[in-house]
Amino acid sequence: MKVVIIGGVAGGATAAARIRRLDETAEVVVFERSGFVSYANCGLPYYVGGVITDPEELTLQTPESFWRRFRVKMRVRHEVTAIHPERKAVTVRNLDSGEVFEEVYDKLLLSPGAKPTMPELPGAKLDKLFTLRTVEDTLRIRTFVEREGPKSAVLAGGGYIGLELAENLRELGLAVTIVQRPKQLLNPLDAEMAAFIHAKLRKHGVRLMLGHSVEGFEQDGSAVKVLLKGEEPLKADMVVLAIGVTPDTQLAKEAGLELGVKGSIAVNDRMETSAPDIYAVGDAVAARHFITGEKALISLAGPANKQGRIAADNICGGDSVYRGSQGSSVIKVFDMTVATTGINEQTAKKAGIDCDKVYLSPAAHAAYYPGGRVMTMKVLYEKSTFRLLGAQIVGYEGVDKRIDVLATAMHAGLTGPQLKELDLAYAPPYSSAKDPVNMAGFMMENLANGTVKQFHWEDVANLPRDGSVTLLDTRTVREYAAGHIDGFLNIPVDELRERLPELEAGRPVYVICQSGLRSYIACRILAQNGFVCYNFSGGYRLYETIDKDRCAAEQAFPCGMEKR
């Protein structure tokens with residue numbers, strides 16, 4: 001059996017190694033148009049910033065090492081220009097010599113990945129405009145930074161690569177501005193969770209211009225002028241386009257393969273395309289989303305690796321299926337960690353799922369052990385069944401651990417209240433006896449059995465201020481004085497029992513505190529004294545962060561930096 005693979009990196013290289021482990025006699029040939037067949041795509045921004053110092057650390061395998069270990073022919077700098085399904089052959093061009101030849105196959109695997117989205121804007125081909133997708137891109141940016149010593153950079157786009165690059169360029173001392181059309185960074189997050197990232201970036205001097213459209217670029221002496229719709233242009237020494245990626249599917253389209261979401265290659269759960277003996281994996285395909293069941297583009301290394309393994313199994317006569325991706329991800333933003341899994345609230349509503357959520361702000365480990373810091377968690381669930389839909393966590397230590405536990409629980413089909421039953425490791429430096437994931441389960445159990453009702457930050461503006469309800473802040477007098485929501489009366493929770501006569505009977509009570517815990521205790525006191533009450537999910541800290549972010553969003557330059 002002869003297997004030809006188009007594209008290396010995650011999916012293609014994984015499939016090649018797996019095929020060899022399953023079939024020692026198969027002939028495996030990989031064509032990769034770049035000069036690197038297997039590299040750490042997610043590590044590229046950290047080489048630009050000097051965190052990773054040796055460029056060889058970015059290459060996981062070389063053509064020579066792959067041949068020595070697996071006897072796989074890795075042909076770098078070879079571009080496949082056409083696929084001929086009817087005669088099971090591909091046309092290949094050697095990019096160094098210009099030679100063009102055909103290679104036949106018994107099985108073909110497409111792993112072309114995705115390419116940076118390049119809008120058709122004036123000046124998009126200027127020398128000081130960069131993209132960051134391949135090792136060659138990284139080396140070009142690093143060489144430019146070292147040789148030219150730029151003082152400023154504009155990044156168009158605020159996804160994962162954009163944020164990682166912003167951090168690394170800022171750490172090198174550059175003035176960094178992020179410009180993008182959406183009004184929040186990191187689309188997998190909901191707006192209120194993204195507010196924490198906005199605050200962190202601003203604190204570290206990154207200028208955010210959200211809700212602004214780039215209309216083109218012009219050379220302006222040694223600088224680049226970034227043209228904005230309805231705004232004065234920006235000047236920078238370099239510009240990076242990090243708008244996103246587009247499935248690289250031109251070959252598949254020209255070969256007549258069926259395409260799917262946003263021009264991606266359509267595959268079934270065995271990673272088979274519409275053409276016999278042709279498989280496809282990675283960023284170029286639309287796979288089933290584990291939560292919604294719909295086809296979705298999920299451009300992450302984990303799914304690509306799994307898909308490569310599954311395709312290899314089936315190429316070698318097995319029967320493996322890909323059950324879908326939850327889109328689990330994690331990113332470092334300076335000293336902060338941000339992680340997600342599943343879908344966000346916006347996606348759930350678009351999918352027609354009746355959902356609700358809980359917010360909590362637990363410490364990463366036992367409060368009495370030094371160094372504990374708070375994380376903010378949002379866990380989304382289906383109202384009628386309490387099926388877990390997604391989770392978002394922003395914090396410091398322990399964020400990755402909790403998102404992985406929640407991702408596992410979702411994959412296993414646990415409901416929200418069942419999270420309370422998980423037996424998780426505990427020692428004071430690492431967690432609490434009631435782990436944050438358990439706490440989320442307790443909260444959902446209370447909602448499921450009617451022990452507590454809740455309201456959310458987006459409900460606050462519409463609460464009556466006419467005296468028909470009681471708005472109650474149960475923090476300390478000092479906390480209240482430092483900042484509070486207009487219209488909320490202050491009675492500290494520890495004084496509430498004695499001060500109940502101050503609350504008018506028969507009026508619903510909406511209760512808030514710093515994190516949601518004291519207000520929950522207050523709700524239990526009130527409910528058992530005949531009051532109908534609602535607990536604020538998330539607490540004042542969450543509300544304050546959202547409110548500050550809204551204020552900052554009204555200013556084009558919240559860090560006080562001037563247009564150049």
Side-chain angles (χ1 to χ4, degrees), residues 9-10 32-60 76-77 113-119 121 123-180 185 201 204-207 209 214 216-226 234-246 248 283 299 301 331-334 564:
V9 195
E32 167 60 46
R33 66 186 165 202
S34 77
F36 302 86
V37 72
S38 180
Y39 55 87
N41 199 293
C42 299
L44 301 182
Y46 298 99
Y47 179 70
V48 172
V51 178
I52 298 172
T53 56
D54 186 350
E56 292 187 4
E57 294 292 332
L58 298 173
T59 54
L60 307 178
V76 296
R77 302 280 300 157
K115 55 189 177 184
T117 302
M118 294 293 292
L121 296 175
K125 296 188 183 297
L126 292 177
D127 288 342
K128 293 185 178 182
L129 263 66
F130 302 88
T131 59
L132 182 56
R133 183 67 181 173
T134 67
V135 174
E136 287 92 342
D137 293 337
T138 309
L139 298 177
R140 181 172 170 241
I141 295 175
R142 174 72 176 266
T143 299
F144 176 83
V145 170
E146 292 179 338
R147 185 184 66 237
E148 302 292 335
K151 302 298 183 184
S152 60
V154 169
L155 308 185
Y160 290 98
I161 293 296
L163 293 195
E164 289 172 344
L165 189 57
E167 174 185 339
N168 279 276
L169 292 176
R170 190 75 190 101
E171 296 286 17
L172 290 175
L174 277 73
V176 177
T177 301
I178 297 176
V179 182
Q180 67 167 31
L185 303 173
L201 290 166
H204 283 266
V206 176
R207 187 193 317 179
M209 293 192 67
V214 175
F217 310 93
E218 292 179 358
Q219 193 73 41
D220 187 358
S222 61
V224 177
K225 186 182 291 184
V226 182
L234 302 173
K235 273 189 183 181
D237 297 326
M238 62 182 294
V239 175
V240 181
L241 297 179
I243 297 172
V245 294
T246 303
D248 192 353
D283 293 353
S299 300
I331 183 175
K332 173 182 175 293
V333 182
F334 292 98
R564 290 178 57 195

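Only this structure's heavy atoms are used, side chains among them; waters, hydrogens and symmetry mates stay out.
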Specify the closest pair of heavy atoms between Ala301 and Ala10, including all atoms of both residues, with the distance to one decimal. O-CB, 4.4 Å
Below 4.5 Å, heavy atoms only, C-beta onward: do Leu44 and Asp137 meet side chain to side chain? no
At their closest point, which heavy atom of Asp237 faces which heavy atom of Ala223, and how far apart are they? OD1-CB, 4.4 Å
Scanning both residues in full, the closest heavy-atom pair of Val239 with Phe217 reads CG1-CE2, 3.8 Å
Matching residue for Thr138 among Leu132, Thr143, Leu165 - test: side-chain contact (heavy atoms from CB on, under 4.5 Å): Leu132
Crowded around Asp54 CG? As in, over 12 foreign heavy atoms under 6.0 Å? yes
Lys/Arg-Asp/Glu bridge criterion (N-O < 4.0 Å) met for Arg133, Asp248: no
Stepwise side-chain contact (heavy atoms from CB on, under 4.5 Å) test for Val176 and Leu201: CA-CA 10 Å; Val176 177; Leu201 290 166; over 6 Å; no
Interatomic distance, Ile178 atom CD1 to Arg170 atom CZ [nearest 0.5 angstrom]: 11.5 Å
For the CG atom of Leu126 and the CD atom of Glu218, what is their distance to the nearest 0.5 Å? 9.0 Å
Taking the side chain as C-beta and beyond, is there a heavy-atom pair between Val214 and Leu121 under 4.5 Å? yes
If I take atom CD from residue Gln180 and atom CG from residue Leu185, how far apart are they, to the nearest 0.5 angstrom? 5.0 Å
Just so I know, are the side chains of Ser152 and Lys235 near enough to count as touching, which here means a heavy-atom distance under 4.5 Å? no
Nearest heavy atoms of Ala236 and Val154, plus distance in Å: CB-CG2, 3.6 Å
Among Ile243, Ile141, Ile161, Leu241, find the residue that satisfies the side-chain contact (heavy atoms from CB on, under 4.5 Å) test when tested with Thr131. Leu241
Shortest non-hydrogen contact from Asp220 toward Lys225: OD2-CE, 3.4 Å
Considering all heavy atoms of both residues, which atom of Val245 and which atom of Ala114 are nearest to each other, and what is their separation? CB-CB, 3.7 Å
Do Leu174 and Pro150 have side-chain heavy atoms sitting under 4.5 Å apart? yes
Keeping to residues at least two apart or across chains, list the ring pair (Phe, Tyr, Trp, His ring centres under 6.0 Å) pairs with something in residues 123-145. Phe130-Phe144
Stepwise side-chain contact (heavy atoms from CB on, under 4.5 Å) check, Met209 with Leu234: CA-CA 11 Å; Met209 293 192 67; Leu234 302 173; 3.7 Å; yes
Would you say that Val145 contacts Met238 through its side chain, given a criterion of any heavy-atom pair below 4.5 Å between the two side chains? yes
Test Val226 against Val179 for side-chain contact (heavy atoms from CB on, under 4.5 Å), laying out the working first. CA-CA 10 Å; Val226 182; Val179 182; 5.6 Å; no
Quick one: pull up CD in Glu164 and CG in Leu169 and give me the separation to the nearest 0.5 Å. 12.0 Å
